[in-house]
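Lettering of chains follows the sequences in order, A, B, ..., and the numbering in each one begins at 1. What's counted below: heavy atoms across the whole structure, side chains too, no hydrogens, waters or symmetry copies. What you see is a predicted model, and the numbers here were worked out from it, not measured in a lab.
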Amino acid sequence: MNGSSGDHETLWRGPLLAWSALLALAAISLGSAYLPLGAGNVAVNLVIAVVMAAVLAIFLMDLRNGTTLVRIVASTGLFWMIFMFVLTFSDYLSRG
Amino acid sequence: MTDLSGALQEPWPDLRLQREAVGLGMWFFLASEVLFFAALFCSYAIYRSFNAEAFRIAAAHTKIVYGSINMVLLLTSSLTMTVALRAATIQLRRLTLLSLGATAALGVAFLVTKGLEYYADINENLVPGPGFPLKPAATAIFWGLYWIMTGVHALHLTAGIGVVIAVMTLFWRGTIPVQGSTMEGVAIYWHFVDTVWIFLYPLIYLAGRS
C-alpha cells in the first residue's frame with residue numbers, strides 16, 4: 001500500500017457526495033409519485049431520472065474529467081436515441 | 001511498487017492514455033447499448049401514450065418496496081464501484097478487491113430481491129396470457145414490457161457481476177495488476193446498468209401511485 005490518508009479522503013469524498021445526492025433524488029422521486037399531480041407525476045419523475053443519470057455520468061462515470069473525444073462518443077447514444085423517439089412519435093402521433 | 005511492465009500494453013506510451021482508450025471503447029459499446037434499451041423505452045412510451053389509464057392501473061400492481069430496495073442497492077453498488085476504480089488507479093490493491101467484492105455482493109443482493117419480486121408477481125398471475133387478472137386488456141402490454149425490460153436489465157447485471165468476479169480473481173491471483181486499464185471499462189459498464197435502472201424505476205414502479 002502506498003496511499004496516504006489524504007488519498008483515502010479524496011478517494012471517498014466525491015463518490016460519497018454523488019451517492020448521497022442520488023439517494024436524495026430517488027427519495028424525492030418516490031415521494032412525488034404519491035402526490036396527485038396528474039400528468040405532472042411522470043414529468044417530475046423523468047426530470048429527476050435525467051438529473052440522476054447526469055450526476056452518475058458526470059461524477060461517477062467521470063465524464064467531468066473525460067476528454068472531448070470521450071464526451072462526444074458518450075453523447076452519441078443520446079443523440080441517436082432522440083432521433084429514434086422523434087421519428088417514432090412523429091409517425092404514431094400523426095396517424096389518423 | 002509501480003509495476004508498469006505488467007500494466008502497460010502496446011501501443012500505449014503511458015497508462016493514462018491506455019485507460020482513456022479502454023474508456024473510449026466502452027463508451028462506443030454503451031452507445032449501442034443505449035439504443036438497444038432505447039428501443040424498449042420507446043415501445044413503452046408509445047404504448048403508454050395510447051393506453052395511459054391501463055398503464056396506470058397495471059403499474060399500481062408492481063412491488064414498489066422491492067423496486068425501491070433495488071434502487072438503493074444499485075446506487076450503493078455504483079459508489080463501491082467508483083471507489084474500486086479510484087483505489088485501483090492509486091494501487092490500493094486491498095481496497096480495490098474489497099470494493100469490488102462489495103459491488104458484486106450488492107449486485108447479487110439486487111438479483112435476489114428481483115427474484116423475490118418475480119416470485120410474488122407470478123403468484124399473482126401477473127404474466128400476460130391465460131389467467132392474467134387485470135382489466136382492461138392493455139394492462140397486459142405493461143406487464144409484457146415489465147418482464148422484458150426488467151429481465152433484460154437483470155441479464156445485463158448478471159453479466160456485470162460475472163465480469164466483476166472474473167476481474168477480482170485476476171487481481172487476486174496477480175494475473176493482471178490493479179492499476180492497469182481493466183477497471184476503467186468494468187466501472188463504466190457497471191454504472192451504465194445502474195443508469196438503466198434509474199429510468200426503469202420511475203416508469204415501472206412509480207407510475208400509477210398517485
Side-chain angles (χ1 to χ4, degrees), chain A residues 1-3 7-8 10-12 14-16 18-20 22-23 25-27 29-30 32-42 44-46 48-50 52-53 56-57 59-63 66-67 69-82 84-85 88-89 91-93, chain B residues 1-2 20 23-25 27-28 30-35 37-39 41-43 45-46 48-50 52 64 67-68 71-72 75-76 78-83 85-87 89-95 184 187-188 190-192 194-196 198-203 205-210:
Chain A
M1 292 239 183
N2 63 353
D7 279 344
H8 278 285
T10 51
L11 189 139
W12 282 96
L16 271 174
W19 174 72
S20 318
L22 287 169
L23 284 184
L25 286 164
S29 196
L30 173 63
S32 80
Y34 288 89
L35 301 174
L37 305 175
N41 281 117
V42 68
V44 170
N45 291 156
L46 283 179
I48 292 175
V50 169
M52 286 175 76
L56 212 135
F59 296 102
L60 297 185
M61 291 167 115
D62 213 24
L63 282 182
T67 59
L69 184 61
V70 167
R71 288 181 194 172
I72 289 173
V73 171
S75 55
T76 50
L78 201 65
F79 182 72
W80 293 118
M81 187 178 77
I82 290 168
M84 185 193 281
F85 273 80
T88 311
F89 268 92
D91 174 3
Y92 278 95
L93 297 182
Chain B
M1 181 75 193
T2 307
E20 202 178 297
L24 185 67
W27 275 110
F28 266 109
L30 291 188
S32 71
E33 284 275 76
V34 164
L35 288 180
F37 279 102
F41 282 108
C42 198
S43 309
I46 292 287
R48 182 167 171 174
S49 71
F50 286 100
I64 195 161
S68 304
M71 181 88 242
V72 175
L75 288 177
T76 310
S78 265
L79 167 69
T80 54
M81 180 52 95
T82 305
V83 171
L85 172 63
R86 291 188 174 204
T89 310
I90 52 173
Q91 299 177 55
L92 299 174
R93 191 168 171 275
R94 215 173 83 91
L95 183 58
E184 194 74 28
I188 297 173
W190 189 275
H191 293 315
F192 170 76
D194 189 359
T195 310
V196 172
I198 285 176
F199 286 97
L200 282 177
Y201 178 67
L203 294 177
Y205 297 95
L206 299 185
R209 295 294 158 190
S210 59

Interatomic distance, CZ@B:Phe41 vs CE@A:Met81, rounded to 0.5 Å, equals 9.0 Å

If one checks every heavy atom of A:Leu63 against chain B at 4.5 Å, the contacting part turns out to be side chain

Heavy-atom closest pair (A:Phe85 atom, B:Ala38 atom, distance to 0.1 Å) is CE1-O, 3.9 Å

Note: A:Leu78 and B:Val34 closest approach over all heavy atoms is N-CG1, 4.3 Å

The interface call for B:Ala39 against chain A, heavy-atom contacts under 4.5 Å, is both

Counting heavy-atom pairs under 4.5 Å with chain A, the top scorer among B:Leu24, B:Ile198, B:Thr82, B:Ile46 is B:Ile46

Applying a strict 4.5 Å limit to non-hydrogen atoms, the region of B:Ala45 in contact with chain A is both

Answer key: most heavy-atom pairs under 4.5 Å with chain B among A:Ala27, A:Gly77, A:Pro36, A:Ala33 is A:Ala33

CG of A:Leu30 to OG of B:Ser68, rounded to nearest 0.5 Å, is 4.5 Å

Applying a strict 4.5 Å limit to non-hydrogen atoms, the region of B:Phe37 in contact with chain A is neither

Heavy atoms of B:Ile90 and A:Leu11 approach each other most closely as CD1-CD1, 3.6 Å

Those residues at least two apart in sequence (or on a different chain) that pass side-chain contact (heavy atoms from CB on, under 4.5 Å) with A:Leu23 are A:Trp19, B:Val72, B:Leu75

d(A:Trp80 CH2, B:Leu35 CG) to nearest 0.5 Å is 9.0 Å

Chain B shares the most heavy-atom pairs under 4.5 Å, among A:Val42, A:Asp62, A:Leu93, with A:Val42

Rounded to the nearest 0.5 Å, the OG atom of B:Ser49 sits from the CZ atom of A:Phe89 at a distance of 4.5 Å

dist A:Leu25:CG -> B:Met71:CE (nearest 0.5 Å) comes out at 10.0 Å

Distance col, row B:Asp194:CG vs A:Leu60:CG, nearest 0.5 angstrom, shows 8.0 Å

Heavy-atom closest pair (A:Met61 atom, B:Phe192 atom, distance to 0.1 Å) is CE-N, 3.7 Å

Applying side-chain contact (heavy atoms from CB on, under 4.5 Å) to A:Ser29 and not counting sequence neighbours gives A:Asn45, A:Ile48, B:Leu206

Looking only at B:Glu184, B:Met81, B:Arg48, B:Glu33, most heavy-atom pairs under 4.5 Å shared with chain A are made by B:Arg48

Greatest number of non-hydrogen atom pairs under 4.5 angstrom with chain B, of A:Ala53, A:Gly14, A:Gly38, A:Ala18, falls to A:Ala53

- Item | side-chain contact (heavy atoms from CB on, under 4.5 Å) between A:Tyr34 and B:Ile64, intermediate numbers included | CA-CA 12 Å; A:Tyr34 288 89; B:Ile64 195 161; 3.4 Å; yes

The interface call for B:Leu203 against chain A, heavy-atom contacts under 4.5 Å, is side chain

Between B:Arg86 and A:Pro15 the two heavy atoms that sit nearest each other are NH1-CD, 3.6 Å

A:Leu35 and B:Ser210 have their tightest heavy-atom pair at O-CB, 3.1 Å

